[in-house]
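Remarks on the structure that follows.
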Amino acid sequence: AQVLVESGGGSVQAGGSLRLSCVASAYTYKNYYLAWIRQAPGKEREGVAVIDSDGITSYPDSVKGRFTISKDNAKNTLYLQMNSLKPEDTGMYYCAADAASGRLIRGRAVYWGQGTQVTVSS
């Protein structure tokens, strides 16, 4: 059974916004760090947002101030609000979970969603 199921994504012009959603299994949602990881064409995967069970978040400098990760405990759902999008934000975005937040920031995880494409045109 899938533990992470994403929705959202699509194409947008630079400066626009998108919101991604990810429904997690109850066990995964409660027991793992959750994150959004992206992979741009020709680049390695990188974590763009991580959140822990207390709602504490972390972001790399490349998205800080533009991306917001949040979650709805009643729905076991993770979100990524992306504002002021840039062409370099283009890539496949994955919902992910792991027992170590440091791994997620480095683009590694034990559980992965199927991925959703985000394309930002200039």
Side-chain angles (χ1 to χ4, degrees):
Q2 286 185 296
V3 298
L4 298 166
V5 181
E6 300 138 346
S7 60
S11 297
V12 66
Q13 288 191 327
S17 298
L18 285 173
R19 190 175 85 152
L20 308 181
S21 301
C22 172
V23 179
S25 69
Y27 182 83
T28 302
Y29 187 90
K30 293 176 183 177
N31 292 283
Y32 288 84
Y33 290 93
L34 300 173
W36 291 95
I37 293 173
R38 74 181 176 194
Q39 185 163 26
K43 295 186 178 180
E44 293 187 353
R45 289 177 178 174
E46 64 167 337
V48 296
V50 179
I51 190 167
D52 70 10
S53 58
D54 293 325
I56 297 173
T57 60
S58 61
Y59 307 89
D61 289 342
S62 59
V63 307
K64 198 172 293 182
R66 300 188 298 119
F67 289 12
T68 303
I69 188 171
S70 62
K71 56 183 187 174
D72 185 334
N73 293 335
K75 297 180 180 180
N76 292 344
T77 300
L78 181 72
Y79 302 100
L80 183 67
Q81 179 66 43
M82 304 183 289
N83 299 328
S84 301
L85 282 161
K86 304 175 180 180
E88 53 263 43
D89 294 318
T90 293
M92 188 69 77
Y93 283 70
Y94 299 90
C95 177
D98 199 276
S101 60
R103 281 172 44 83
L104 291 166
I105 281 292
R106 295 194 300 273
R108 294 171 172 81
V110 64
Y111 292 117
W112 295 87
Q114 78 277 13
T116 186
Q117 178 68 34
V118 171
T119 302
V120 185
S121 58
S122 58

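Note that the coordinates shown come from a computational prediction; the quantities given were computed from them, not determined experimentally. These numbers come from the heavy atoms of this one structure, side chains and all, not from hydrogens, waters or symmetry mates.
The OG atom of S53 sits 9.0 Å away from the CG atom of L34 when rounded to the nearest 0.5 Å. Annotation: the span from S122 atom OG to K86 atom NZ amounts to 13.5 Å, rounded to 0.5 Å. Separation of atoms CG (L78) and CG (L4) is listed at 8.5 Å; rounding is to 0.5 Å. In this structure, K30 NZ and S25 OG are separated by 10.0 Å, a value rounded to the nearest 0.5 Å.
Atom CD of Q117 sits in a crowded spot, with more than 12 heavy atoms from other residues, nucleotides or ligands closer than 6.0 Å. No more than 12 heavy atoms of other residues, nucleotides or ligands shown are found within 6.0 angstrom of CZ on R108.
Residues Y59 and M82 are members of one and the same hydrophobic cluster, defined by side-chain heavy-atom contacts under 4.5 angstrom among Ile, Leu, Val, Met, Phe, Trp and Tyr. The hydrophobic cluster containing F67 does not contain Y79, counting ILVMFWY residues as joined when their side-chain heavy atoms lie under 4.5 angstrom apart, directly or transitively. Hydrophobic clustering (side-chain heavy atoms under 4.5 Å, transitive across Ile, Leu, Val, Met, Phe, Trp, Tyr) groups V63 together with V12. Residues I37 and V48 fall into different hydrophobic clusters, defined by Ile, Leu, Val, Met, Phe, Trp and Tyr side chains chained together at heavy-atom separations under 4.5 Å.
Test T90, D89, V118 against R38 for side-chain contact (heavy atoms from CB on, under 4.5 Å) and you get one pass: D89.
Put simply, the side chain of Y27 never gets that close to the backbone of V3: no donor and acceptor are under 3.5 Å apart. A donor-acceptor contact shorter than 3.5 Å links the side chain of D52 to the backbone of D54.
Nearest heavy-atom pair across I105 and S58 is CD1-OG, 4.1 Å. Considering every non-hydrogen atom in both A109 and L104, the closest pair reads CB-CD2, 3.7 Å. Shown here for P87 and A14, the closest heavy-atom pair between the two residues is CD-CB, 4.1 Å. Nearest heavy atom pair, residue Q81 against residue S17, reads NE2-CB, 3.9 Å. Taking each heavy atom of L80 and A49 in turn, the nearest pair found is CD1-CB, 3.9 Å. Looking at every heavy atom in both residues, S21 comes nearest to T77 through CB-CG2, 4.5 Å.
The aromatic rings of Y32 and Y111 sit perpendicular to each other, their planes meeting at more than 60°, with 30° as the lower class boundary.
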Q: In sequence, state the C-alpha distance, the side-chain angles, and the governing distance for L20 and E6, and then conclude on side-chain contact (heavy atoms from CB on, under 4.5 Å).
A: CA-CA 7 Å; L20 308 181; E6 300 138 346; over 6 Å; no
Q: Please assess V50 against I69 for the test side-chain contact (heavy atoms from CB on, under 4.5 Å), listing each intermediate value before the final yes or no.
A: CA-CA 7 Å; V50 179; I69 188 171; 5.7 Å; no
**Q.** Pair D98-Y33, side-chain contact (heavy atoms from CB on, under 4.5 Å): steps then yes or no
**A.** CA-CA 5 Å; D98 199 276; Y33 290 93; 5.6 Å; no
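Ring centroids of W112 and Y94 are separated by less than 6.0 Å, placing the two rings close together.
Contact of the Y29 side chain with the N73 side chain is registered, since non-hydrogen atoms from C-beta on lie closer than 4.5 Å. Side-chain contact between S62 and E46: present, with at least one pair of heavy atoms (C-beta onward) separated by less than 4.5 Å. You'll find the side chain of Y93 reaches within 4.5 Å of the side chain of T116, heavy atoms only.
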